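Just below is one structure, and these are the notes that go with it.
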Number of protein chains: 2
Amino acid sequence: MTPLRRNVLALLVRAGEPIKAYDLLDQMRSEDGSAKPPTVYRSLDFLMDVGLAHKVEALNAYIACAHCHDKGGAELYICGKCGSVDERHGAPEPRNAPDGFETERSVVEHYGLCAKCR
Amino acid sequence: MTPLRRNVLALLVRAGEPIKAYDLLDQMRSEDGSAKPPTVYRSLDFLMDVGLAHKVEALNAYIACAHCHDKGGAELYICGKCGSVDERHGAPEPRNAPDGFETERSVVEHYGLCAKCR
DNA sequence: CTGCGCATGTGATATTATAACATAACGTAG
DNA sequence: CTACGTTATGTTATAATATCACATGCGCAG
Ligand SMILES: [Zn+2]
Ligand SMILES: [Zn+2]
Ligand SMILES: [Zn+2]
Ligand SMILES: [Zn+2]
């Protein structure tokens, strides 16, 4: 965990909601000035590899993860109004899987309204 | 259903697997010449609105849909080796949903190996 | 010291998607 | 028929997202 990566993680955590790569980049630039797209994408890739971040596929955005994913992938509940994300896991085995399909990675994202915003 | 939209749908069906918007565009151009990005994106938006196509979020690609989605969203099983997509539905209500969360739309994509490619 | 592996810096470019405005096509009220 | 509103399409440009390719720095094994 290098300073650069730690910094990116800190920004993700601070955001507290899905944040776009280029918004991260802007924040980094405002402190560092030298940050460029590969800087942030590399750090995000690293953080995702080690399980400290997720990409929210349908938003092209990224979030920090403080969960344990031993038991399976993340399941995200994303409020379209306030932007909050509630991450759950232990996402169950796909029951409708075709015969013989071997799942390596699942993307599960639910979009809607959180309890507060209904 | 206009000729343009029908043509885009036909190309999606013919592809038989997830296809990128700009690949569609290339195919359209090879026949029409005048096609441009908004042409294809508008048609895709229309087809998705009426339920004849889906976006595969984690691939930024699109597929035709011949299913009935009365009972819920699509659940995609995508083979990383051969590119085939098996679409299921009746995807179950999220069981881990936070209290009070009201889901409007779900993205469920499983990546792995299909039976043939294992 | 030297060579190697990995992280980062840097400039350019590729890929994906939308904005903004113009034109056409089509039905309907008058 | 003509004028108008609405929807679809054409066209130009640009925004937003992501990667490539190559250079540099940095820590450590030999
Ligand atoms: Zn997580
Ligand atoms: Zn909310
Ligand atoms: Zn479908
Ligand atoms: Zn396969």
Side-chain angles (χ1 to χ4, degrees), chain A residues 1-12 15 17-64 76 78 80 83 85 105 107 109 111, chain B residues 1-12 15 17-64 76 78 80 83 85 105 107 109 111:
Chain A
M1 177 65 73
T2 66
L4 175 60
R5 291 163 172 176
R6 197 188 327 279
N7 186 36
V8 171
L9 177 57
L11 290 172
L12 283 179
E17 62 179 55
I19 182 170
K20 305 266 192 173
Y22 274 70
D23 291 341
L24 272 178
L25 183 55
D26 287 343
Q27 296 191 24
M28 292 168 73
R29 273 206 243 256
S30 72
E31 294 168 4
D32 178 352
S34 81
K36 295 191 171 43
T39 313
V40 59
Y41 282 107
R42 283 169 183 155
S43 295
L44 288 170
D45 285 346
F46 170 83
L47 293 172
M48 290 190 291
D49 279 350
V50 302
L52 288 170
H54 298 296
K55 179 173 185 181
V56 185
E57 295 287 353
L59 298 179
N60 294 319
Y62 303 84
I63 55 172
L76 304 179
I78 300 141
V85 175
R105 167 184 174 244
V107 174
E109 299 172 2
Y111 293 84
Chain B
M1 176 66 68
T2 66
L4 176 61
R5 291 163 172 176
R6 194 187 329 277
N7 186 37
V8 171
L9 178 56
L11 290 172
L12 283 180
E17 61 180 57
I19 182 172
K20 305 266 193 175
Y22 275 71
D23 291 341
L24 273 177
L25 183 55
D26 287 343
Q27 296 191 22
M28 291 167 73
R29 273 206 244 256
S30 72
E31 295 167 4
D32 177 352
S34 81
K36 294 187 172 47
T39 313
V40 59
Y41 280 107
R42 283 169 182 154
S43 295
L44 288 171
D45 285 346
F46 170 83
L47 293 172
M48 290 189 292
D49 279 350
V50 303
L52 289 170
H54 299 296
K55 180 174 186 181
V56 185
E57 294 287 352
L59 298 179
N60 294 318
Y62 303 84
I63 55 172
L76 305 179
I78 300 140
V85 176
R105 166 182 176 246
V107 173
E109 299 171 2
Y111 294 84

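On a predicted model such as this, the values are computed, not experimentally measured, just so you know. All chains are named by letter (A, B, ...) in the order of the sequence lines, taking the proteins before the strands, and each is independently numbered beginning at 1.
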(message) So if I define the base as every atom that isn't primed, P, OP1 or OP2, how would nucleotides 21-29 of chain D read as a B/S/- string at a heavy-atom cutoff under 4.0 Å?
(response) B--------

(message) Strictly distance-based, threshold 3.5 Å: is any side-chain N or O of Glu57(B) a donor or acceptor partner for the main-chain N or O of Val107(B)?
(response)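 No, Glu57(B) side chain to Val107(B) backbone: no donor-acceptor pair under 3.5 Å.
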
(message) Donor-acceptor check, side chain of Ser43(A) to backbone of Val40(A), threshold 3.5 angstrom: yes or no?
(response)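 Not at all, since once roles are kept as given, no pair shorter than 3.5 Å links the two residues.
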
In whole angstrom, give the distance that lies between atom [atom1] of [X] and atom [atom2] of [N].
{"X": "Arg29(B)", "N": "dT11(D)", "atom1": "CZ", "atom2": "C1'", "value": "12 Å"}
{"X": "Asn7(A)", "N": "dA7(C)", "atom1": "CG", "atom2": "P", "value": "17 Å"}
{"X": "Leu44(B)", "N": "dA17(C)", "atom1": "CG", "atom2": "C1'", "value": "11 Å"}
{"X": "Leu25(A)", "N": "dG9(C)", "atom1": "CG", "atom2": "P", "value": "12 Å"}
{"X": "Leu4(B)", "N": "dC26(C)", "atom1": "CG", "atom2": "C1'", "value": "16 Å"}
{"X": "Met1(B)", "N": "dT9(D)", "atom1": "CE", "atom2": "C1'", "value": "16 Å"}
{"X": "Asp45(A)", "N": "dT8(C)", "atom1": "CG", "atom2": "C1'", "value": "14 Å"}
{"X": "Arg5(A)", "N": "dT8(C)", "atom1": "CZ", "atom2": "C1'", "value": "9 Å"}

(request) Among dT10(C), dT9(D), dT11(D), find the nucleotide with the atom closest to the side chain of Thr39(B). (result)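 Selected nucleotide (nearest to the side chain): dT11(D).
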
(message) Run Leu44(B) and Leu24(B) through side chain to side chain contact (heavy atoms under 4.5 Å, CB included) and show every step you take.
(response) CA-CA 10 Å; Leu44(B) 288 171; Leu24(B) 273 177; 3.9 Å; yes

Any N/O pairs under 3.5 Å between the protein and nucleotides 14-17 of chain D? List them or say none.
from, atom 1, to, atom 2, distance (Å)
dT17(D), OP1, Lys20(A), NZ, 2.6

(request) Identify the two heavy atoms, one from Ala58(B) and one from Arg105(A), that lie closest to each other, and give their separation to 0.1 Å. (result)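 Answer, listing the atom of Ala58(B) first, then Arg105(A): CB-NH1, 4.4 Å.
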
(request) For residues Leu11(A) and Ile19(A), determine if any side-chain heavy atom of one lies less than 4.5 Å from a side-chain heavy atom of the other. (result)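 With C-beta onward as the side chain, the pair stays apart.
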
(message) When you compare the side chain of Met1(A) with that of Leu52(A), does any pair of heavy atoms fall below 4.5 Å?
(response)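 Side-chain contact under 4.5 Å: yes.
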
